[in-house]
There are 2 protein chains.
Amino acid sequence: MARRKILEAAWAVAREQGLAALTLRGIADRVGMKAPSLYSHFESKHAIYDAMLGASWTEFLKRTRTVTLPDSPRAALSTIARTFFDFATEDLARHQLMNLRTIPGFTPSEASYAPAVAALSEMVERVRALGVEVSDADIDLYTALVGGLVDQQWANDPGGTRWARLLDRAMDMYADNLDLPREDP
Amino acid sequence: MARRKILEAAWAVAREQGLAALTLRGIADRVGMKAPSLYSHFESKHAIYDAMLGASWTEFLKRTRTVTLPDSPRAALSTIARTFFDFATEDLARHQLMNLRTIPGFTPSEASYAPAVAALSEMVERVRALGVEVSDADIDLYTALVGGLVDQQWANDPGGTRWARLLDRAMDMYADNLDLPREDP
DNA sequence: GTCTATAGTTTGATAGAC
DNA sequence: GTCTATCAAACTATAGAC
């Protein structure tokens with residue numbers, strides 16, 4: 001399908017030159033078309049961004065669903081954090097699209113953002129099913145902590161492990177704050 | 001001085017329309033000049049960004065220097081975090097400029113970035129002077145935590161207090177992780 | 001120092017032939 | 001669906017008169 005090829009080309013350009021450098025001509029060149037032809041498949045440039053965003057969150061949602069959580073609440077929180085951290089540090093363009101507001105004038109459609117909401121709420125449900133009572137504030141602190149590690153990793157050590165190495169410690173710190181029981185006494 | 005008026009106009013435009021929307025015409029219009037005239041005062045548009053960045057970090061450095069830290073290490077960490085958090089949530093355009101890489105092709109000059117480095121290292125020194133031994137990893141975790149709270153605040157509750165309210169708890173959590181003594185037993 | 005004029009690009013988007 | 005041709009607009013930056 002043409003839509004699929006166009007989106008693949010868009011990802012390739014975004015990865016090579018940055019998300020902000022994405023242009024219709026650049027996409028069209030790579031896919032062997034002329035820029036106006038893209039309008040037969042997408043309503044606008046923002047529609048392409050939106051499709052990319054929706055696909056990204058859908059892929060993340062899919063990945064979270066394939067993850068089996070450990071029974072231990074402490075280990076479960078760590079697994080979830082690692083899943084998000086790895087996904088967010090795999091691809092800068094994707095991270096910018098999903099987690100940063102880097103494109104002026106672009107607001108995601110409700111449909112494209114839905115899997116993002118689903119991914120978070122499903123994870124919260126699964127953690128609660130393990131017997132952990134988490135409040136909204138607990139969740140907010142968690143997202144800030146994991147998101148902060150991701151951002152620092154990208155900003156100050158892209159491709160490295162300087163903040164990735166801190167993830168387990170951060171999760172321990174967080175679990176302690178929730179008064180979760182320790183495995184290894 | 002003309003330079004100062006231009007920078008003030010640039011800030012005004014950035015606050016109203018976003019940092020990415022900054023144009024030479026927009027700045028010139030506001031200051032009552034024509035766009036090319038700006039080149040008598042700044043070498044390029046990036047030079048304007050750079051001057052804004054330098055001024056921002058210099059202002060932050062100045063503010064940190066006026067802050068008196070409590071003797072208690074735990075309270076000191078909290079004070080530092082609050083100082084940064086407040087500064088970073090006061091002005092979105094400034095935050096984007098200082099802490100995000102939102103302008104394509106713009107890299108800060110060494111001179112403009114120097115006060116940023118100074119602010120961090122001075123704070124670390126002052127904390128160490130209180131008797132707290134902090135490693136590089138400790139600092140990395142700290143910056144990720146505070147920066148993560150700031151980003152979440154801007155992204156999901158701009159102008160609100162949803163993550164601001166979590167700052168004290170986050171600092172307690174962090175201080176616990178450092179095994180700092182509690183004040184109130 | 002400030003202006004007019006303009007170069008030189010690049011962009012998203014549309015019209016209409018095929 | 002894809003193309004050529006083009007629009008209309010925006011931008012940074014430079015040249016040169018005053």
Side-chain angles (χ1 to χ4, degrees), chain A residues 1-55 93 96-97 100-109 111-112, chain B residues 1-55 92-93 96-97 100-109 112:
Chain A
M1 202 158 177
R3 256 184 86 98
R4 171 141 188 89
K5 289 192 83 106
I6 290 169
L7 288 177
E8 271 174 24
W11 278 117
V13 175
R15 284 190 200 103
E16 284 174 17
Q17 305 172 23
L19 189 65
L22 207 68
T23 66
L24 295 180
R25 281 172 177 76
I27 300 171
D29 279 355
R30 181 174 286 263
V31 82
M33 295 173 84
K34 299 298 176 180
S37 305
L38 302 181
Y39 284 88
S40 296
H41 305 279
F42 291 93
E43 204 178 19
S44 68
K45 190 189 179 185
H46 278 3
I48 296 179
Y49 280 130
D50 201 56
M52 294 169 80
L53 180 71
Q96 290 175 331
L97 187 56
L100 270 46
R101 306 264 174 265
T102 185
I103 305 158
F106 168 63
T107 325
S109 69
S112 293
Chain B
M1 201 161 179
R3 257 184 85 98
R4 170 141 189 90
K5 290 191 82 106
I6 291 168
L7 288 177
E8 272 174 23
W11 278 117
V13 174
R15 282 189 202 106
E16 285 175 18
Q17 303 171 26
L19 188 66
L22 207 68
T23 67
L24 296 180
R25 278 177 177 76
I27 300 171
D29 279 355
R30 182 173 286 264
V31 83
M33 295 174 84
K34 299 297 177 181
S37 305
L38 302 182
Y39 285 87
S40 296
H41 305 278
F42 291 93
E43 204 178 17
S44 67
K45 189 188 179 185
H46 279 1
I48 297 180
Y49 280 130
D50 201 55
M52 294 169 80
L53 181 70
L92 176 58
Q96 290 175 333
L97 187 57
L100 297 166
R101 307 261 177 268
T102 185
I103 305 158
F106 169 62
T107 325
S109 70
S112 293

Could you check B:Met52 against B:Leu22 for side chain to side chain contact (heavy atoms under 4.5 Å, CB included), going step by step and ending with a plain yes or no?
-> CA-CA 12 Å; B:Met52 294 169 80; B:Leu22 207 68; 4.1 Å; yes
To the nearest angstrom, how far is B:Lys45 atom NZ from D:dC11 atom P?
-> 8 Å
Could you tell me the separation between the OH atom of A:Tyr49 and the C1' atom of C:dT11, rounded to a whole number of Å?
-> 12 Å
Excluding sequence neighbours, so at least two apart, what forms salt bridge (Lys or Arg N to Asp or Glu O under 4.0 Å) with A:Arg25?
-> none
To the nearest Å, give me how far apart OH (B:Tyr39) and P (D:dG16) are.
-> 17 Å
Rounded interatomic separation in angstrom, taking CD1 from A:Ile6 and C1' from C:dG12 = 15 Å
Looking at C:dG12, C:dT2, D:dT2, which one has an atom nearest to any side-chain atom of A:His41?
-> D:dT2
Would you jot down, in residue-number order, the residues of residues 16-34 of chain B having a non-hydrogen atom under 4.0 Å from DNA chain C?
-> B:Gly32, B:Met33, B:Lys34
Specify the closest pair of heavy atoms between A:Ala93 and A:Arg15, including all atoms of both residues, with the distance to one decimal.
-> CB-N, 4.3 Å
Test item: B:Ile48 and B:Leu24 side chains (from C-beta on) under 4.5 Å apart, heavy atoms | yes
d(CZ, B:Phe42; P, C:dT2) in whole Å = 12 Å
What residues, two or more places apart in sequence or in another chain, satisfy ring pair (Phe, Tyr, Trp, His ring centres under 6.0 Å) together with B:Phe42?
-> none
Please check the phosphate of D:dC3 (OP1 and OP2 only) for any side-chain N or O of A:Ser37 closer than 4.0 Å.
-> yes
Interatomic distance, B:Met1 atom CE to B:Leu7 atom CG [nearest 0.5 angstrom] | 10.5 Å
When rounded to whole Å, the CG to C1' distance for the pair B:Leu38 and C:dC3 reads 12 Å
Selection from D:dT4, D:dT14, C:dG1 that lies nearest to any side-chain heavy atom of A:Pro36 = D:dT4
